[in-house]
S.K.: 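The structure that follows is given in the form of structure tokens.
All chains are named by letter (A, B, ...) in the order of the sequence lines, taking the proteins before the strands, and each is independently numbered beginning at 1. Keep in mind that this is a model prediction, so the values were computed, not measured.
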2 protein chains.
Amino acid sequence: MITVSTSNEAYHHGNLRDALLAAGLSALEGAEGKAPSLRELARAVGVSPTAVYRHFPDKHALDKALALEGLQLLGQEQAEAAAKVGGGSAGFAETGRAYVRFALAHPALFRLMFTQGEPIEHAGHADPARELLTANTRALAGDPEKAETLALQAWSIAHGLAMLMLDGRIPADDALIERMLDTRSLFPQSG
Amino acid sequence: MITVSTSNEAYHHGNLRDALLAAGLSALEGAEGKAPSLRELARAVGVSPTAVYRHFPDKHALDKALALEGLQLLGQEQAEAAAKVGGGSAGFAETGRAYVRFALAHPALFRLMFTQGEPIEHAGHADPARELLTANTRALAGDPEKAETLALQAWSIAHGLAMLMLDGRIPADDALIERMLDTRSLFPQSG
DNA sequence: GACCCTATGTTTACAGCGTTCACTTTAACC
DNA sequence: GGTTAAAGTGAACGCTGTAAACATAGGGTC
């Protein structure tokens, strides 16, 4: 999704925006990642702070672009995880585990993804993680209203668990994730 | 929990700490509240920024103290809500609704309460909201391990719902809260 | 009642932040 | 090949949290 030129110069043509996003993601990724400042990213890319404003109206826009990248990544990892167990009800449960694993693996990025005020929207096509969720629940529950409730409940519990673990309220323990996201005990009406 | 003197002066004696916390809470409370800066609070209280450092080692310590106040408030509101419906299983469900309602009523405060790194601890006695939770689940589930799982699941779903609503991912709708936190469908093994 | 000590405040200063403005460079086009 | 618009620079502003040196006031002791 991001392409950076190999030439060390010529930022003067086209790729500053992507270079900034790449620098931002690499600052955010990893368990020790933290939200980078605008000036920090400009430095990392070898450009003056104000150059950033040629590509983003303000810091918030930069953050939103980074959040969008994060959402794509999350959706991707979830889809892969679900595919690995063969989809269906097991795949649904797996997307939940992948969600929490993603949050724990990229805490700063995950936080950024959800702190941007409005939900992020790529021009036209929406959040892939969310699309996956609604597709899964529609397949599991017959009634569409039941499906939506199930989707939001599943999302809430995964998100809450992720947040509470990130915030140090609940030990970030793999076995605990397993126990908490047991769909059979949680949502007995489905699957 | 916080007491502020009525005299407009004499901060030189005793109450700057409490005055700062009061100013902080009033900045945080309300739907439009935002996290106040240290200097902002110093200004509000009529004191130089560095005076704050006589009472808190750094900004983070001030934030933690504010978070602690928030946790007390939350626990209080939950207990009241549960008492109003007469405790028991209905009371348990009510604490969940109160949790989400609190988050929506005081977004900035709620965020602050959970972004302080380590869980907050008042010297000795712990988070009242959490005590209420474990007491409730122990009463509902016989097996203590089942009770703990239930507690963490209930916490996660309430917290996740609150966060997703605060972040604009899910409409902050009262009827939706009701539907999402329906304990009978969520945790059929209990109550 | 004078004295000193400690708690609590002030002033000044520094580096970093996001952002604005005026200016310069550069690549592309007729 | 000169013009123009896009994409960069540099200096500056007000904000932030924080450190260091200094001022002041109140309480306890002689």
Side-chain angles (χ1 to χ4, degrees), chain A residues 2-28 32-67 108 111-112 115-118, chain B residues 2-28 32-67 108 111-112 115-118:
Chain A
I2 297 179
T3 47
V4 195
S5 89
T6 46
S7 86
N8 301 4
E9 27 196 349
Y11 276 143
H12 215 289
H13 206 215
N15 46 11
L16 212 201
R17 187 194 146 98
D18 285 348
L20 286 170
L21 292 183
L25 275 185
S26 93
L28 284 166
E32 298 305 320
K34 59 184 291 280
S37 71
L38 182 148
R39 296 177 99 109
E40 209 172 316
L41 293 185
R43 250 177 270 132
V45 145
V47 113
S48 78
T50 50
V52 178
Y53 288 85
R54 297 295 158 186
H55 300 271
F56 300 96
D58 54 15
K59 172 89 188 328
H60 188 224
L62 209 182
D63 285 342
K64 283 209 304 202
L66 286 170
R111 286 204 144 92
L112 186 73
T115 324
Q116 291 321 108
E118 319 291 292
Chain B
I2 297 179
T3 45
V4 195
S5 89
T6 46
S7 84
N8 299 3
E9 28 197 346
Y11 277 144
H12 218 290
H13 208 214
N15 45 10
L16 213 201
R17 187 194 146 97
D18 285 348
L20 286 170
L21 292 182
L25 276 185
S26 94
L28 284 165
E32 299 305 320
K34 59 183 292 283
S37 71
L38 182 148
R39 295 177 99 109
E40 210 170 316
L41 293 185
R43 251 176 269 133
V45 146
V47 113
S48 78
T50 50
V52 177
Y53 288 85
R54 298 295 158 188
H55 301 271
F56 301 96
D58 54 14
K59 173 88 188 326
H60 187 224
L62 209 182
D63 285 341
K64 284 210 302 202
L66 286 170
R111 286 205 143 92
L112 187 74
T115 324
Q116 291 321 109
E118 320 288 294

S.K.: Whole angstroms only, please: what is the CG-C1' distance between Asp58(B) and dG17(D)?
M.R.: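 Rounded to whole Å, this separation is 9 Å.
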
S.K.: If I take atom CD in residue Glu40(B) and atom C1' in nucleotide dC15(D), what distance separates them, rounded to the nearest angstrom?
M.R.: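 It works out to 11 Å between those atoms.
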
S.K.: Reckon Arg17(A) has a side-chain N or O less than 4.0 Å from the OP1 or OP2 of dG8(D)?
M.R.: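 No, because none of the side-chain N or O atoms of Arg17(A) sits under 4.0 Å from OP1 or OP2 of dG8(D).
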
S.K.: Below 4.0 angstrom from OP1 or OP2 of dG9(C), is there any side-chain N or O of Ser48(B)?
M.R.: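 Checking Ser48(B) against dG9(C): no side-chain N or O falls below 4.0 Å of OP1 or OP2.
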
S.K.: Could you give the distance from CG (Leu25(A)) to CG (Leu41(A)), rounded to the nearest 0.5 Å?
M.R.: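 Answer rounded to 0.5 Å: 10.0 Å.
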
S.K.: Nearest of dG8(D), dG16(C), dT19(C) to any side-chain atom of Arg43(A)?
M.R.: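 Comparing dG8(D), dG16(C), dT19(C) against the side chain of Arg43(A), the answer is dG16(C).
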
S.K.: How many Å lie between NE2 on His60(B) and P on dT18(D), as a whole number?
M.R.: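 It is 11 Å, rounded to the nearest whole Å.
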
S.K.: On a heavy-atom basis, which atom in Asp58(A) and which in Tyr53(A) lie closest, and how many Å separate them?
M.R.: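 Here Asp58(A) and Tyr53(A) meet closest at CA-CE2, 4.0 Å.
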
S.K.: Atom CG of Leu20(A) and atom CG of Leu66(A): how far apart are they, to the nearest 0.5 Å?
M.R.: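 Answer rounded to 0.5 Å: 9.0 Å.
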
S.K.: For residues Gln116(B) and Asp63(B), report the shortest heavy-atom separation together with the two atoms involved.
M.R.: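 Scanning both residues completely, I find the closest heavy atoms to be NE2-CB, 3.2 Å.
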
S.K.: Between dG9(C) atom C1' and Phe56(B) atom CZ, what is the distance in whole Å?
M.R.: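 Taking CZ of Phe56(B) and C1' of dG9(C), I get 15 Å after rounding.
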
S.K.: Of the candidate nucleotides dT11(C), dG8(D), dG17(D), which contains the atom at the shortest distance from the side chain of His55(A)?
M.R.: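 When the side chain of His55(A) is considered, dG8(D) is the closest of dT11(C), dG8(D), dG17(D).
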
S.K.: Using atom CG of Leu20(B) as one end and atom P of dT8(C) as the other, report the distance to the nearest whole Å.
M.R.: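 Those two atoms, CG and P, are 13 Å apart.
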
S.K.: Take atom CZ of Arg39(A) and atom C1' of dA11(D), then tell me their distance rounded to the nearest Å.
M.R.: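 These atoms are roughly 11 Å apart.
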
S.K.: Throw together a table of side-chain donor-acceptor distances under 3.5 angstrom for residues 42-52 of chain B, partners on residues two or more places apart or in other chains.
M.R.:
{"from": "Ser48(B)", "atom 1": "OG", "to": "Thr50(B)", "atom 2": "OG1", "distance (Å)": "3.4"}

S.K.: Give me the distances for all protein-to-nucleotides 19-22 of chain D N/O pairs that come in under 3.5 Å?
M.R.:
none

S.K.: To the nearest angstrom, how far is Lys59(B) atom NZ from dC17(C) atom P?
M.R.: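 The answer, rounded to whole Å, is 17 Å.
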
S.K.: Could you check how far CG of Leu62(A) sits from P of dT19(C), rounded to whole Å?
M.R.: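 Taking CG of Leu62(A) and P of dT19(C), I get 10 Å after rounding.
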
S.K.: Specify the closest pair of heavy atoms between Arg17(A) and Ala65(A), including all atoms of both residues, with the distance to one decimal.
M.R.: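 Heavy atoms only, the tightest pair is NH2-CB, 4.1 Å.
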
